[in-house]
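Positions are given from 1 along the sequence. Just so you know, these numbers use all the heavy atoms, side chains as well, and skip hydrogens, waters and symmetry mates. It should be emphasised that the depicted structure is a prediction, and the values quoted were computed from it without experimental measurement.
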Amino acid sequence: MSAAVGLALVAAVTAGCSGVGSHSGPTTSSASAGGGSAHANPEPTESNPPGDIPDSQVYVAYRPTSGFTGFTVKVPEGWARTDKGATTVFTDKLNTVRITAGTASAAPTVGSVTHAVVPQLKAHVAKFASLKVSEVTRHAGRVVRLTYEGDSVKDPVTGKVVRNAFERYAFYRHGHEVALTLSGPVNADNVDPWRIVSDSFAWR
């Protein structure tokens, strides 16, 4: 297993350890002009479920300044950033963008991810399920995409456990591998935001 795959694996396992539960937003109703019942003309309140990244989210380019610096990727603006070794993590509430760079002797394949990464994830991610490994196309080219679900650890304050969904993309070029892992609650509709981030990855 390459160093990048190992680093990305640790990052992916750690990513499953955050978040709280999600639910649908409340609704409100307004009274009629004549002072009738408050339920005469009910109007739903616009509200994103916890974990949903709003359509108004702005994205900014992240360019590493240490370690391997030969790539750029867009991340949501305003998210908290944490750097640890070869891994940089951006978080906001229930969602995470995790970037791990390293060296690799060969490009990742469906087979290498299935045989090297998946077994360790199964051993460390609670209720690991819904596994799918495939090759997909992003603007940077063909990449290996791993999707799965897993439970977070219990929140020490609320005691809640979140069912998280993960998307892991393995980008490779000239001996360098960058693993991009996106995660958030399974009930969140983040298909478009995650596509924006994964499509933005570019070598430089």
Side-chain angles (χ1 to χ4, degrees), residues 4-5 7-19 22 48-102 107-108 113 117 121 125 130-150 152 162-173 176-204:
V5 171
L7 289 170
L9 172 61
V10 173
V13 171
T14 306
C17 300
S18 63
S22 60
N48 288 324
D52 270 15
I53 300 173
D55 293 339
S56 59
Q57 176 66 56
V58 175
Y59 299 83
V60 295
Y62 163 69
R63 298 180 177 87
T65 56
S66 62
F68 176 61
T69 60
F71 69 93
T72 182
V73 62
K74 288 184 178 180
V75 298
E77 184 179 42
W79 286 23
R81 173 179 167 178
T82 303
D83 295 289
K84 185 175 182 180
T87 298
T88 298
V89 181
F90 296 89
T91 57
D92 181 71
K93 301 180 180 69
L94 307 175
N95 297 301
T96 299
V97 174
R98 188 174 301 266
I99 306 158
T100 302
V113 171
V117 177
L121 284 172
V125 177
S130 301
L131 165 71
K132 183 178 180 181
V133 187
S134 61
E135 284 193 3
V136 298
T137 300
R138 291 295 184 262
H139 286 326
R142 299 287 290 177
V143 297
V144 178
R145 179 176 184 257
L146 166 63
T147 61
Y148 60 97
E149 295 179 5
S152 71
V162 180
R163 188 66 177 166
N164 285 323
F166 297 83
E167 295 183 14
R168 177 187 180 275
Y169 296 86
F171 297 89
Y172 175 87
R173 190 177 74 163
H176 293 281
E177 182 176 331
V178 178
L180 172 66
T181 303
L182 315 170
S183 62
V186 294
N187 291 327
D189 181 13
N190 289 330
V191 173
D192 290 340
W194 289 159
R195 183 64 187 243
I196 290 171
V197 174
S198 60
D199 253 344
S200 73
F201 182 92
W203 299 104
R204 64 188 182 99

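A distance of 9.0 Å separates OG of Ser134 from CG of Leu146, quoted to the nearest 0.5 Å. Between the CZ atom in Arg81 and the CG atom in Asp92 there is a gap of 16.0 Å [rounded to 0.5 Å]. Atom CG of Asp52 sits about 12.5 Å away from atom CD of Gln57, to the nearest 0.5 Å. Interatomic distance, OG1 of Thr69 versus CZ of Arg63, reported as 11.5 Å (0.5 Å rounding). Taken to the nearest 0.5 Å, the CG atom of Leu131 stands 8.5 Å off from the CG atom of Leu121. Here the OG-CD distance, from Ser183 to Glu167, works out to 10.0 Å after rounding to the nearest 0.5 Å.
Using modelled atom types and a 3.5 Å distance limit, the side chains of Tyr62 and Thr88 yield a donor-acceptor pair.
Across all their heavy atoms, His176 and Trp203 have their closest contact at O-CH2, 3.8 Å. Across every non-hydrogen atom of Thr72 and Ala61, the tightest pair is OG1-CB, 3.9 Å. Closest of all the heavy-atom pairs between Gly150 and Val125 is CA-CG1, 3.6 Å.
Between Phe201 and Phe71, the ring center distance clears the sub-6.0 Å criterion.
Residues Thr96 and Leu182 form no side-chain contact, since every pair of their non-hydrogen atoms from C-beta on lies 4.5 Å or further apart. Proximity of Lys74 to Val60: side-chain heavy atoms (C-beta onward) are nowhere separated by under 4.5 Å. Residues Pro76 and Val97 form a side-chain contact, since some pair of their non-hydrogen atoms from C-beta on lies under 4.5 Å apart. Between Thr181 and Tyr169 there is no side-chain heavy-atom pair separated by less than 4.5 Å. The shortest side-chain heavy-atom distance between Asn164 and Val186 does not fall under the 4.5 Å cut-off. A 4.5 Å side-chain heavy-atom check between Pro108 and Glu177 finds at least one atom pair inside the cut-off. Contact of the Tyr172 side chain with the Val144 side chain is not registered, since no non-hydrogen atoms from C-beta on lie closer than 4.5 Å. At a threshold of 4.5 Å between non-hydrogen side-chain atoms, the residues Ser130 and Tyr148 do not count as touching.
Checked by atom type and distance alone, the side chain of Asp199 pairs as donor or acceptor with a backbone atom of His139 at under 3.5 Å. Side-chain N or O atoms of Ser200 include one that pairs as donor or acceptor with a backbone N or O of Val197 at under 3.5 Å. A donor-acceptor pair under 3.5 Å links the side-chain atoms of Ser152 to the main chain of Val162, judged by distance alone. A distance-only check finds no donor-acceptor pair linking the side chain of Arg145 to the backbone of Lys132 [under 3.5 Å]. At least one donor-acceptor pair under 3.5 Å links the side chain of Asn190 to the backbone N or O of Ile53. Checking side-chain atoms of Ser198 against main-chain N and O of Trp194 turns up a donor-acceptor pair under 3.5 Å.
Heavy-atom contacts from other residues, nucleotides or ligands closer than 6.0 Å to CZ of Arg204 number more than 12.
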* Take Tyr59 and Ile196 through the test side chain to side chain contact (heavy atoms under 4.5 Å, CB included) and record every step on the way to the result. => CA-CA 9 Å; Tyr59 299 83; Ile196 290 171; 3.8 Å; yes

* Asked: Going through the distances and angles, do Thr82 and Thr91 end up as a side chain to side chain contact (heavy atoms under 4.5 Å, CB included)?
  -> CA-CA 8 Å; Thr82 303; Thr91 57; 5.6 Å; no

